[in-house]
Amino acid sequence: MRIVINPNRSAGTINPNIYGHFAEHLGRCIYEGLWVGEDSPIPNEKGLRSDVVGALKKLNIPVLRWPGGCFADTYHWRDGVGPVSQRKTIVNTNWGGVTEDNRFGTHEFMELCRQLGCQAYFSGNVGSGTVQEFSDWVEYCNMPGVSPMADLRRENGQKEPFNVKYWGIGNEAWGCGGNMRPEYYADLCRQYATYLRDYSDHHIYKIASGANVADYEWTRKVAETAGHTIDALSLHYYTLPNDDWQHKGAATGFSREEYFAVLQKTLRMKELVTEHGRILRKADPTGRLGLVVDEWGTWYDVEPGTNPGFLYQQNSMRDALVAGINLNIFNNHCDTVVMANIAQTVNVLQAMVLTEGQKMLLTPTYHVFDMYKHHQGARQVETYAETKLISCGEWQVPDIHVSASEGSDGKVLLTVVNLSDTDSANIEVMMDGVKKGTKVTGTVLSGKPGEHNTFDRPDAVRPAEMRDIETGDRSFTATLPASSVAAITIDRE
Ligand code: AHR
């Protein structure tokens, strides 16, 4: 099957933030997953697990969203600063009703971002907070000079401002963030945005709580009413095998039909970003308003025997394909999508890393983020794939899915997903400048759709070198095994 790469046409630069992540106070994401505390027998630096941080650092995570999610609209940031022994204990009402003692707060999160080398994206409390409280948080983080909040920050041990750039004005305001109507939220958003100030010359980037899936009315009303006060609107879209939230389907051991259902539903992301993007451009023809897909990924029934409120799920080759397809879509729509944050980093939903006590494993999704990381900041280039349709029951998908980009070093990265669970894909990639002997190298992640890593077999699914790449005049050939994700680098020098 033929793939054409056309570097003459581009949708623009792929914002590195498309490769962003999300970590909520939910289940074992923050506590156990990222944070174990300084007294833990698990090796840590300032309380943060060294193994997990080390693995995540390799992904070049550009931005991390925190503290929620639904948790954000119950979170009062002052509870999480100051001497740990004096911090307030609250109930995490959204996620399992567990006690949250706030030992991980603003300073600990900023330390995590420092260790990861990424930007912080704070989701502020609009649902149950106040304008003053949110405004104070920005002042606390970003005010360099003398002020009540900057003084408090210094008292708590941080002399220099944190200079947090990304601020979310509530989360899912249509749901757990207050059950608001778009008209009401849009007015509130204007009010909050007014009091989220720039300090010194540090410009903050304001992201409005956006639509659930295809709620285009939400996007239209918020963009038209509040668009001039913000920089971007968010979008949340999760992939569920079955739409029944009580019986979503299992993460492993699923049927062939569920495999196809998940892939077809994942492909819907293209329609969503296109349509929400079109509405944003209509409301703001300058193209200034961006789309931030700050929650995406698979959502299955929790693993048997685990707390239903903790959203712990396994992660298989099927998830790797979901990640590859979504990232290809975001790359190809980089003129619209300015940030995306997969949910969630550790032990929750479509995680990069799973932990069990001292043990840690990397998921197939982790490997895809690693294989795709050189798309960050590169120039998207147009691709065309001669696909054919494959189906199972009512579900139908193209057999392959692609995106490509050209880095500042001139190397082209082509990422290809083979959606077929039965057939390998023999690809012939056409591109000007390729000739016999051109250096083309590739990595491929493959396995049966349900294959996954366990704490006993942590490397059951891991990337391998592609060994059959053959270059010719203006083209090269390669083979992708069934249900696989490949990252191929073309160095025309
Ligand atoms: O990621 C889990 C939850 O999904 C988030 O807290 C919420 O924003 C969404 O409904």
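Indexing begins at 1, ligand by ligand and atom by atom, following the structure's order.
- In summary, the atoms of ligand 1 found under 4.0 Å from a heavy atom of Cys70, numbered by their order in the structure, are 5 (C), 6 (O), 7 (C), 8 (O).
- Donor-acceptor pairing under 3.5 Å is lacking for the side chains of His452 and Thr363.
- Cysteines Cys70 and Cys176 are disulfide-linked, with SG atoms closer than 2.5 angstrom.
- A donor-acceptor contact closer than 3.5 angstrom is absent between the side chains of His76 and Asp79.
- Asn171 and Tyr75 share no side-chain donor-acceptor pair at under 3.5 Å.
- Every atom of ligand 1 is numbered from 1 in the order shown, and the set under 4.0 Å from a heavy atom of Glu172 is 7 (C), 8 (O), 9 (C), 10 (O).
- Of all the atoms in ligand 1, the ones that sit under 4.0 Å from a non-hydrogen atom of Phe22 are 1 (O).
- The proximity of Trp296 to ligand 1, defined as any non-hydrogen pair under 4.0 Å, does not occur for either the backbone or the side chain.
- Remark: minimum distance from atom 9 (C) of ligand 1 to any protein heavy atom is reached at Glu295 OE1, 3.0 Å.
- Defined by atom type and a distance below 3.5 Å, a donor-acceptor pair is present between the side-chain atoms of His401 and Asn328.
- In this structure, a donor-acceptor pair under 3.5 Å is absent between the side chains of Asn307 and Tyr312.
- Only side-chain heavy atoms of Asn171 come within less than 4.0 Å of ligand 1; its backbone N, CA, C and O stay farther off.
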Are Trp167 and Tyr205 close enough, and set up right, to give a ring-ring contact (aromatic ring centres under 6.0 Å, His included), and what steps lead you there?
CA-CA 6 Å; Trp167 294 88; Tyr205 190 93; over 10 Å; no
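- Short contacts between ligand 1 and Gln344, defined as distances under 4.0 Å to a heavy atom of the residue, involve ligand atoms 1 (O), 2 (C).
- Residue Trp299 has at least one heavy-atom neighbour below 4.0 Å for each of these atoms of ligand 1: 2 (C), 3 (C), 4 (O).
- If you look at Tyr238 next to ligand 1, the close heavy atoms, those under 4.0 Å, all belong to the side chain.
- Within the structure, ligand 1 lacks Phe71 among the residues with a heavy atom less than 4.0 angstrom away.
- The proximity of Leu349 to ligand 1, defined as any non-hydrogen pair under 4.0 Å, is limited to the side chain.
- Phe71 and Trp95 make their closest contact through N-NE1, 4.1 Å (heavy atoms, listed as atom of the first residue, atom of the second, distance).
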